[in-house]
Number of protein chains: 2
Amino acid sequence: MRISQLSAESGVPIPTIKYYLREGLLPQGEQTSATRAEYGPAHLRRLRLIRALLEVGRVPVAAIRTVIEAVEDERTDVHTMLGTAHYALASRPEPLAGDEEWARAREDVDRLIADLGWGVGPLAPGRDELAQTLVTLARLGMPATHADLLVYAQTAMNLARDHEMGKIPFDGPRDAAVETLVICTVMYGKALDVFRRLAQESESARILGA
Amino acid sequence: MRISQLSAESGVPIPTIKYYLREGLLPQGEQTSATRAEYGPAHLRRLRLIRALLEVGRVPVAAIRTVIEAVEDERTDVHTMLGTAHYALASRPEPLAGDEEWARAREDVDRLIADLGWGVGPLAPGRDELAQTLVTLARLGMPATHADLLVYAQTAMNLARDHEMGKIPFDGPRDAAVETLVICTVMYGKALDVFRRLAQESESARILGA
DNA sequence: CAGACTGGATAGTCTGACTATCCAGTAGGA
DNA sequence: TCCTACTGGATAGTCAGACTATCCAGTCTG
């Protein structure tokens, strides 16, 4: 299929598709002549993935490119590849410099993860993100209790173990695994976020008897 | 306290504070003379809230302003006020025009919420957000099952009922209720998101035996 | 009374995600 | 054959959002 058809089927304007090609989000089509290239269903699929990450997941273009580069580097094993994808999905917070409060929060996070027995890399950006969240909560006068954190951690683990990682085709082609992981993480993350707000609204209505 | 001290204590540059004042995110200080105004601890607190929503929650300035306007409009009751805050926190997706697939997804969402017995307003933006998420998942070839959705919905409700809405001081001043709600929604939402990614990484390591 | 600082106003910057225009070179029908 | 639509590639422009810089006249403060 040609670019105009790719655009028609995906609903993405041609200049935008060209932009994604330039940025390396979308692989080049197969050149059939100097001014013609052929795109296949894989391009359409990739394009839909890009739009899903951008629109629903608000993942920046640069992060999407990182994920894609990890997939296309054949040297890395599947776990590392999934890790790279995961790390790219993190919203890297600014350092929040060598504050003492921060260092303590970071230690708390490391201890919590160790206590839970989770096998998480020491450089996982989630550790920093969580530390920053804890510092922020404390500064807002609502420090999180250890019990609260455990609840959220266990909830997350239940979902990941029983409903998310099971969907991932580890035995299939490597790109399928990453694609599924990213979709699961981002889309179900969004769904969970929305459900949480809806549930809060419902509870608010119940409590206030509206 | 003067603006320079407010800046020093919060770590927010003076021009940025002025910007927030202009945008109505931060109430004006008490004028003590033509070129002098006095700021109090409430300003510092508000400033920290703004930064938390911006940096951790990625809530746009316009949405923060909406929340604040709702709080300051004394006419609205608490439930409506919390609703306004909630609606402002939603990431309003573009219409995704009158597609038939979309209409069906939207009906599914409405039916699901009704089946759950949740008291959610018919105009809650979460309904549309969820519908778009379902359409997107289907287009990506991974349609969500009804059973999956129920799991996420129940999980969200458990958290909201047992760990979130309980923190909200309904009997206190009206701004405290909204502030707590917003902090809970955004900060614990972030924490849950991070925990989910960490749990997935841990499971990936376990499954792949890394 | 001098220098620092203030509130207020205006304009400029930076990033991220596009979008528009131009171009020469085919592809495919009249 | 030739003409028109369309293509890939390159370059430059746009737009929104969140700041950031500069200027100014008017106080405080020592």
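Chain naming here is simple, since letters A, B, ... match the order of the sequence lines and numbering starts at 1 in each.
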(request) For A/E23, answer base if it contacts any base atom (sugar-phosphate contacts may also be present), sugar-phosphate if it contacts only those atoms, and nothing otherwise; contact means non-hydrogen atoms under 4.0 Å. (result) nothing
(message) Among residues at least two apart in sequence or on other chains, which ones pass salt bridge (charged side-chain N to carboxylate O under 4.0 Å, His left out) with A/D110?
(response) A/R106, A/R127
(message) Taking salt bridge (charged side-chain N to carboxylate O under 4.0 Å, His left out) as the definition, give me every residue that meets it alongside A/E201, ordered by chain and number, with sequence neighbours left out.
(response) none
(message) I'd like to check the ring pair (Phe, Tyr, Trp, His ring centres under 6.0 Å) partners of A/H43; sequence neighbours left out, ordered by chain and number.
(response) A/Y39
(message) Using whole Å, what does the distance between atom C1' of nucleotide C/dA17 and atom CG of A/L21 come to?
(response) 15 Å
(message) Within residues 12-20 of chain B, which residues have any heavy atom lying less than 4.0 Å from an atom of DNA chain C?
(response) B/K18
(request) Have a look at A/Q5 and say if it touches a base, only the backbone sugar-phosphate, or nothing, with a 4.0 Å heavy-atom cut-off. (result) nothing
(request) Determine, for nucleotides 25-30 of chain C in 5'-to-3' order, which nucleotides have protein heavy atoms under 4.0 Å from the base (write B), from only the sugar-phosphate (write S), or from neither (write -). (result) BSS---
(message) Please confirm whether the shortest side-chain N or O distance from A/R65 to OP1 or OP2 of C/dG16 is below 4.0 Å.
(response) no
Can I get a per-line list of side-chain donor-acceptor pairs under 3.5 Å for residues 5-15 of chain B, giving both atom names and the distance, sequence neighbours left out?
from	atom 1	to	atom 2	distance (Å)
B/S7	OG	B/V12	O	2.7
B/S10	OG	B/L6	O	2.7
B/S10	OG	B/S7	O	3.4
B/S10	OG	B/V12	N	3.2

(request) Could you list the residues that satisfy side-chain hydrogen bond (donor to acceptor under 3.5 Å, both in side chains) with A/R197, not counting sequence neighbours? (result) A/D193, B/E129
(request) Would you please name every residue forming a ring pair (Phe, Tyr, Trp, His ring centres under 6.0 Å) with A/Y152, sequence neighbours left out? (result) B/Y188
(request) Mind checking A/Q28 for me? I need base, sugar-phosphate or nothing, with any heavy atom below 4.0 Å counting as a touch. (result) sugar-phosphate
(request) Report the residues that fulfil side-chain hydrogen bond (donor to acceptor under 3.5 Å, both in side chains) with B/D148, sequence neighbours left out, ordered by chain and then residue number. (result) A/K167, B/T145
With a 3.5 Å cut-off and sequence neighbours excluded, list the donor-acceptor pairs that the side chains of residues 57-69 of chain B form with protein atoms.
from	atom 1	to	atom 2	distance (Å)
B/R65	NH1	B/E23	O	3.1
B/R65	NH1	B/E23	OE1	2.8
B/T66	OG1	B/A62	O	3.0

(request) Taking heavy atoms of chain B and a 4.0 Å limit, find me the 5'-most and 3'-most nucleotide of DNA chain D within that range. (result) D/dA18 to D/dC28
(message) Would you say A/K190 and B/S91 are linked by a side-chain donor-acceptor pair, where the criterion is simply a distance under 3.5 Å?
(response) yes
(message) Could you tell me if A/D77 and A/T80 have a donor-acceptor pair between their side chains, going purely by distance under 3.5 Å?
(response) yes
(message) If the condition is ring pair (Phe, Tyr, Trp, His ring centres under 6.0 Å), which residues does B/Y19 pass it with, not counting sequence neighbours?
(response) none
